[in-house]
Amino acid sequence: MAAGHIILARAADGSVTATSEDGRAEAVPDLAAYLREHPGVRWVWDDTTRWYPALLAQGVRVDRCHDLRLCHVILRNSVLTAGSALAAAPAGPWDEPLGAIGGGDGLFDLEEPVVLDVVAEFRLQRDAVAGTADPGRIARLLAAESAGALVAAELTFAGMPWRADVHDRVLTGILGPRPAPGERPACLAELADELRRILDAPDLNPDSQPALMKALTRAGLRVSSTARWELRRIDHPVIAPLLEYKKLARLLSANGWHWLDTWVSGGRFRPTYVPGGVVTGRWASDGGGALQLPKEVRSAAVADPGWKLVVADASQLEPRVLAGMSRDAELARAGQGDLYDGIVRSGAVSKRDDAKVAMLGAMYGATTGDSGRLMPRLARQFPRAIALVEHAARAGERGERVTTMLGRSSPVPGGAWQLAQSAALGEDAGEDEASRARGQARAWGRFTRNFVVQGSAAEWALCWMGGLRSRLQAIAGQRWLTDGPHLVFFLHDEVVVHSPAEDVEAVVAAVRESAADAGRLLFGETEVTFPLTVAVVDHYGEAK
DNA sequence: GGGTCTTGCGCG
DNA sequence: AAAGCGCGCAAGACCC
């Protein structure tokens, strides 16, 4: 049996109080020492971002926590806890966005710090969970979400190993040497000159969309935007160098030398992750753009000497999660190996690429094009899976909420949406109004359709990563976080572990065992498999 | 000079 | 000007 919960609270003066489950409270003069003296406890606190980074900096790791702020958001919105006192209460400080609550450590925070009653909030949350038909379900979500908060803090603390010299070499190879401030790198400057020459626009700044638009129009190109997908299908000598320019300009502005100066220091890339930052439950990032790290620069993520990167990604995660949720045995069978090959073997479609496009269409709500055309063939072959996403779409079109495997619910559409729908029902509603409302209803249906799949896949990933974190800790033994194998990167369905070479075998096993556990945590015993692609590499660019 | 919107593109 | 979901970021445009 676990050692139970201890609730930590910080008063306005900074003093810390610990309250155990039987209600006994004690002052905690030395927090780091207190945590070390109580291993195995699940620490309950207002917000992991307000406690854990400082503890890590003092060399203290935490096994488990309950993040009240993240859990509050889930319980406030879930249809499973809609009848709870927590959900019925008016919006309060726990509903405020990240960073706005608590002791007011913001630099210009002039307001009185709000001291949150963490003991009362924890009781409300436990009651909300206990009041559901299957308390274990949403409890698993809260545990996974909280574990994710610990992982996020540790990812930032440890950082992804990053070689600035390698990154610089990549940039120089593609763009030319680093230019003086305010200048374009050589390759971009040459391309810009070429564009000006071809378009006969000597002062053109190709970074300005309106200016580019004008120059293209003057040269006789009929375009309605300067987006790549539109330019790509035009036959004109300017297109090739223009697309090349855009590609290089993107690399320079998003992940060039400026990015390197800003986000990489001491040989580590340290972005900020935001657990629960996306409505579906996916993480967002805030600074560093960790979730958009382009493939071109991944070779700069190099393992330290004597260390390796273990890169693992879950293959075709979303359709597998859909198979699990819908208990679609046919789709589970198709996913015994490569899922898209399996769909071809089932006879639904004839090419692997068609299987992929059709499946994406089912999960995103495609209605036209190849995707929309192929999707009905899936419905015949995998009726349970497709019925699940169709139901989610219909519910969204009616303005209802939908819920993931572990209990995160979608928001209700906003006031403008509701207004448009009721306006369309009015007697004097015009055809315009009605069709706009229909369009918005379908758009919300596409969102809820995707929500159940994307959100449940995010839960799988949280469970996977949480389990992996514990296993890595066990492998590390007495070693400190960054001295043993540890997570350094996360990307929706992919993780990177930085590991001493001698631990790699154990790490690979841990990654796979954690994936199998995650499947069971979401679906119990299930036919659905969650195969991983695992690569042990010296640099991230080698994987995939 | 600041804040916010728009465009375009990177990731899953 | 996306067909088909979810994001973040940078640059320029635009407004005050």
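Values below: every heavy atom of this structure, side chains too, minus hydrogens, waters and symmetry copies. Naming convention: chains lettered A, B, ... in sequence-line order (proteins, then strands); numbering from 1 in each chain.
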*If pairs are Watson-Crick or G-U with both distances under 3.5 Å, what is the dot-bracket string of DNA chain C, marking crossing pairs with [ ] and pairs to another strand with |?*
....||||||||||||

*Look up atom CG in Leu487(A) and atom CE in Met160(A), then write down how far apart they are to the nearest 0.5 Å.*
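One gets 11.0 Å once the value is rounded to the nearest 0.5 Å.
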
Roughly, in whole Å, what's the span from [atom1] in [X] to [atom2] in [N]?
X: Asn255(A); N: dG8(C); atom1: CG; atom2: C1'; value: 11 Å
X: Arg250(A); N: dG8(C); atom1: CZ; atom2: P; value: 13 Å
X: Trp263(A); N: dG8(C); atom1: CH2; atom2: C1'; value: 11 Å
X: Leu248(A); N: dG8(B); atom1: CG; atom2: P; value: 18 Å
X: Leu212(A); N: dT6(B); atom1: CG; atom2: C1'; value: 15 Å
X: Lys356(A); N: dG12(B); atom1: NZ; atom2: P; value: 11 Å
X: Trp259(A); N: dA11(C); atom1: CH2; atom2: P; value: 15 Å
X: Tyr245(A); N: dC9(B); atom1: OH; atom2: C1'; value: 15 Å

*Report which part of the nucleic acid Arg373(A) touches: base, sugar-phosphate, or nothing (heavy-atom distance under 4.0 Å, all strands).*
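No contact.
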
*Just call it for Arg228(A): base, sugar-phosphate, or nothing, with non-hydrogen atoms closer than 4.0 Å on any strand.*
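Sugar-phosphate, backbone atoms only, no base.
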
Show me the donor-acceptor pairs, under 3.5 Å and distance only, between side chains in residues 250-260 of chain A and residues at least two apart or in other chains.
residue	atom	partner	partner atom	Å
Ser253(A)	OG	Ala249(A)	O	3.4
Trp257(A)	NE1	Asp168(A)	OD1	2.6
Trp259(A)	NE1	Gly288(A)	O	3.1

_Assuming nearest nucleotide by heavy-atom distance, tell me which of Leu252(A) and Glu230(A) is located more 5' along DNA chain C._
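Taking each residue's closest nucleotide, the earlier one in sequence belongs to Glu230(A).
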
*Could you measure between the two C1' atoms, the one in dA1(C) and the one in dT6(B), and give it in whole Å?*
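These two C1' atoms come out 15 Å apart once rounded.
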
*Which value, in whole Å, describes the distance between the P atoms of nucleotides dG4(C) and dG8(C)?*
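It works out to 23 Å between them.
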
What pairs of donor and acceptor atoms, side-chain ones from residues 360-372 of chain A against any protein atom, are under 3.5 angstrom apart with sequence neighbours left out?
residue	atom	partner	partner atom	Å
Asp370(A)	OD1	Arg373(A)	NH2	3.1
Ser371(A)	OG	Val357(A)	O	2.9
Ser371(A)	OG	Gly361(A)	N	3.4

_Would you say Ser409(A) and Asn77(A) are linked by a side-chain donor-acceptor pair, where the criterion is simply a distance under 3.5 Å?_
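On atom types as modelled, these side chains do not qualify, holding no pair under 3.5 Å.
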
*Quick one: do Arg469(A) and Glu154(A) satisfy salt bridge (charged side-chain N to carboxylate O under 4.0 Å, His left out)? Show the steps, please.*
CA-CA 10 Å; Arg469(A) 173 179 181 270; Glu154(A) 290 173 3; 2.7 Å; yes

*Has the side chain of Glu230(A) got a donor or acceptor atom that lies under 3.5 Å from a matching backbone atom of Ser225(A)?*
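Indeed, once roles are kept as given, a pair shorter than 3.5 Å links the two residues.
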
*Donor-acceptor under 3.5 Å (Arg384(A) side chain, Ser326(A) main chain)*: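 Here the side-chain-to-backbone pair exists.
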
Taking only N/O atoms, report every protein-nucleotides 12-16 of chain C pair under 3.5 Å with atom names and distance.
residue	atom	partner	partner atom	Å
dA13(C)	OP1	Ser208(A)	OG	2.7

*Is the Phe489(A) ring parallel, tilted or perpendicular to the Tyr540(A) ring (thresholds 30°, 60°)?*
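Perpendicular: the ring planes of Phe489(A) and Tyr540(A) meet at over 60°.
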
*Could you give me the CA-CA distance, side-chain angles and deciding distance for Arg178(A) and Asp261(A), then say whether salt bridge (charged side-chain N to carboxylate O under 4.0 Å, His left out) is met?*
CA-CA 12 Å; Arg178(A) 179 173 193 162; Asp261(A) 291 345; 2.7 Å; yes

Please output the side-chain donor-acceptor pairs of residues 434-447 of chain A that fall under 3.5 Å, not counting sequence neighbours, one pair per line with the distance.
residue	atom	partner	partner atom	Å
Ser435(A)	OG	Asp432(A)	O	3.4
Arg438(A)	NH2	Glu431(A)	OE2	3.4

*salt bridge (charged side-chain N to carboxylate O under 4.0 Å, His left out) between Asp353(A) and Lys351(A): does it pass, once the steps are laid out?*
CA-CA 5 Å; Asp353(A) 222 46; Lys351(A) 295 198 300 276; over 6 Å; no

Review item, nucleotides 2-7 of chain C N/O atoms under 3.5 Å of protein N/O:
residue	atom	partner	partner atom	Å
dG4(C)	OP1	Thr367(A)	N	2.8
dG4(C)	OP1	Thr367(A)	OG1	2.1
dC5(C)	OP1	Arg446(A)	NE	2.8
dG6(C)	O4'	Gln454(A)	NE2	3.1

_Distance test, side-chain N/O of Lys247(A) to OP1/OP2 of dC9(B), below 4.0 Å_ =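 For dC9(B), neither OP1 nor OP2 has a side-chain N or O of Lys247(A) closer than 4.0 Å.
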
*Verify the neighbour count for atom NE2 of His539(A): are there more than 12 heavy atoms of other residues, nucleotides or ligands below 6.0 Å?*
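Enclosed.
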
